[in-house]
Novice: 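Dropping the structure in here first, questions after.
Residue numbers start at 1 and run along the sequence shown. The basis for the numbers below is simple: all heavy atoms, side chains too, and nothing from hydrogens, waters or symmetry mates.
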Amino acid sequence: MVKSLRNTIKLLLITCCLYVPAIMSAQDVQNSQIETEQQQITVTVSDANLRVKNAEGLAIEIFSLTGEKVYSQRIESPSKSIELSHLQRGFYIVKIGKYTRKIYLR
């Protein structure tokens, strides 16, 4: 009986060891895809102009630090310039797909 239990435990451990790396590699692939998406998108700010590159087909949302959405638009070209002079000076959060960045408008 003890020998049978040991064999069962060994089998379970071997099965777990074979299964866990498959889960980890799937998570690594997903994380890699997110990192690739975030690396491709670039956001630059000059005074009240926001320039976005490599975000075609994604929505851009801009939030105040209080969480209020102050701007939203779908990006339809590889490079997009957005004039934000209607917003007050200060910090904002830019969200494009899974990419998020804090910016400062002068």
Novice: Do Glu56 and Lys80 have side-chain heavy atoms sitting under 4.5 Å apart?
Specialist: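 The answer is no; the side chains never approach within 4.5 Å.
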Novice: Enumerate the residue pairs fulfilling ring-ring contact (aromatic ring centres under 6.0 Å, His included) with a member in residues 55-94, sequence neighbours excluded, ordered by first and then second residue.
Specialist: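 Sorted pair list: Phe91-Tyr104.
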Novice: Mind checking the CD1-CD spacing from Ile96 to Gln73? Nearest 0.5 Å is all I need.
Specialist: 11.0 Å
Novice: Please report the interatomic distance CD(Glu61) to OG1(Thr100), rounded to the nearest 0.5 Å.
Specialist: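 Separation between the atoms: 9.5 Å.
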Novice: So how far is it from Ile82 CD1 to Asn49 CG, rounded to the nearest 0.5 Å?
Specialist: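 The distance works out to 10.0 Å.
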Novice: List the residues meeting side chain to side chain donor-acceptor pair (under 3.5 Å) with Arg51, not counting sequence neighbours, and say none if there are none.
Specialist: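 Arg51: side chain to side chain donor-acceptor pair (under 3.5 Å) contacts with Ser79, Ser81.
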Novice: Are Ile103 and Leu50 packed together at the side-chain level, in the sense that at least one heavy-atom pair is separated by less than 4.5 angstrom?
Specialist: yes
Novice: Measuring from atom OG of Ser64 to atom CD of Gln88, what distance do you get when rounded to the nearest 0.5 angstrom?
Specialist: 9.5 Å
Novice: Run the side-chain contact (heavy atoms from CB on, under 4.5 Å) check on Arg89 and Leu105 step by step: do they pass?
Specialist: CA-CA 5 Å; Arg89 215 169 93 161; Leu105 296 179; 5.6 Å; no
Novice: Evaluate the criterion side-chain contact (heavy atoms from CB on, under 4.5 Å) for residue pair Val43 and Ile60; output intermediate values, then yes/no.
Specialist: CA-CA 11 Å; Val43 174; Ile60 181 172; over 6 Å; no
Novice: Would the distance check show the side chain of Arg101 and the main-chain N or O of Lys95 forming a donor-acceptor pair, the cut-off being under 3.5 Å?
Specialist: no
Novice: Only counting residues at least two apart or in another chain, list the ones meeting side-chain contact (heavy atoms from CB on, under 4.5 Å) with Ala48.
Specialist: Glu83, Ser85
Novice: Just verifying a value: how many Å separate Lys98 NZ and Leu58 CG, rounded to the nearest 0.5 Å?
Specialist: 9.5 Å
Novice: Under a 4.5 Å side-chain heavy-atom rule over Ile, Leu, Val, Met, Phe, Trp and Tyr, are Val45 and Ile41 clustered together?
Specialist: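 The answer is yes; both residues are in one hydrophobic cluster.
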Novice: Out of curiosity, Thr42 OG1 to Asn54 CG, how far, rounded to the nearest 0.5 Å?
Specialist: 5.5 Å
